[in-house]
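For ligands, and for the atoms within them, numbers begin at 1 and follow the listed sequence.
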Amino acid sequence: MQTHLPIGYKMVEGKIHIDQEKADTVKKIYNEYVNGKSMLAIAKRLKENEIPNANHKTNWTHGAVGKILQNTKYMGDDLHPPLVSKELFDQAQKKRKEKTTQLGRTAQLNSMNNHHAFTNRIFCGECGEPYRKYVEHCGKPHEKVRWKCKRYIFNNKVVCKNLFYSEDEIKTIVTSSINKLLQKQNLLDKPYRKEPLKKDMELKAVESQIKELEEQEQFSSPLLAQLSFKRAELMYRVSRVDDYQFNTQKMKDCLKDVSEPTDFNEELIVQIVKKIIIYKDGKIEAEFINGLKFC
Ligand SMILES: [Zn+2]
């Protein structure tokens with residue numbers, strides 16, 4: 001069973017517990033970050049001290065540290081015991097916001113760096129690979145910059161024949177997705193789709209079955225083990241509602257001061273657009289950080 005537990009937790013008999021040693025790593029990361037250490041410096045420190053990450057490896061990146069710093073589960077919820085205080089979590093979010101704003105400004109100063117917002121954000125709907133920036137006739141007067149599927153050329157052969165777009169076209173595509181969102185901002189006020197409620201019912205059913213078996217003292221029943229895993233899986237899915245709420249709020253905050261229609265805004269793209277998928281027939285799908293999708 002795959003549950004992708006955040007580092008610092010472990011599953012014992014189908015329930016989520018704190019994994020003390022790894023929990024200390026998480027706490028230390030929050031404290032270091034709030035006290036001014038960069039994500040990169042923290043990753044370096046973890047690597048040097050050979051601290052294992054969630055995959056039991058020591059190849060820490062600033063991205064992995066970043067994920068830990070914004071995982072709301074560490075404040076605790078129905079299934080995860082709290083690992084960091086809400087104050088510490090909020091301090092870390094404040095710091096990240098400051099840092100991103102700084103970075104956004106630097107990126108805008110350096111207008112040649114616009115493609116940062118697109119790297120690993122534009123995907124091919126035909127083969128799933130990310131789009132890459134290709135520069136043809138580099139340095140010559142007829143130099144051409146185009147975004148193509150990474151598998152356009154594979155092993156010296158043209159493999160994926162999905163559409164090419166110029167940098168300006170990509171900008172227009174992403175910006176119009178954001179403008180569509182701005183028009184339909186009321187979608188962000190809707191509660192999470194009903195699916196988790198169904199899961200809730202399923203969870204209740206599984207829990208009562210477990211209780212029954214326990215009352216009959218059938219502790220070694222294979223069914224009990226199965227049900228325990230099922231419970232863990234269901235509980236984990238229900239907790240995604242919290243991620244949705246967190247990311248929806250983040251989107252609202254980011255859009256608050258943006259008037260419609262907006263021009264190309266790299267910082268905004270980085271903050272709220274999860275991915276843009278390009279299909280061969282010209283169809284384009286945008287997905288935002290809370291999972292909201294537009295065609
Ligand atoms: Zn492709």
Discussion item. Please report the interatomic distance CD1(I289) to NZ(K275), rounded to the nearest 0.5 Å.
Written reply: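 The NZ atom of K275 is 14.0 Å from CD1 of I289, to the nearest 0.5 Å.
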
Fill in: R146/E136 salt bridge by N-O under 4.0 Å criterion
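Judged by the 4.0 Å cut-off on N to carboxylate O distance, E136 and R146 do form a salt bridge.
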
Worksheet item: Can a cation-pi geometry be assigned to R121 and F118, taking NZ or CZ under 6.0 Å from the six-membered ring centre and within 45° of the ring axis?
Response: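 Judged by the rule (NZ or CZ under 6.0 Å from the ring centre, within 45° of its axis), R121 is not positioned above F118.
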
Fill in: side-chain contact (heavy atoms from CB on, under 4.5 Å) against S85, all qualifying residues, sequence neighbours excluded
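If we apply the side-chain contact (heavy atoms from CB on, under 4.5 Å) test to S85, skipping adjacent residues, the hits are E87, L88.
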
Practice prompt. For the Zn ion (ligand 1), state how many protein N, O or S atoms fall inside a distance shorter than 2.8 Å.
Written response: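 There are 4 of them.
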
Worksheet item: Quick one: ring pair (Phe, Tyr, Trp, His ring centres under 6.0 Å) pairs with a partner in residues 23-64, sequence neighbours left out?
Response: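 Of all non-adjacent pairs touching residues 23-64, none passes ring pair (Phe, Tyr, Trp, His ring centres under 6.0 Å).
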
Discussion item. Please list all pairs meeting side chain to side chain donor-acceptor pair (under 3.5 Å) that have one or both residues in residues 16-26, counting only residues at least two apart or in different chains.
Written reply: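 Sorted result for residues 16-26: Q20-D24.
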
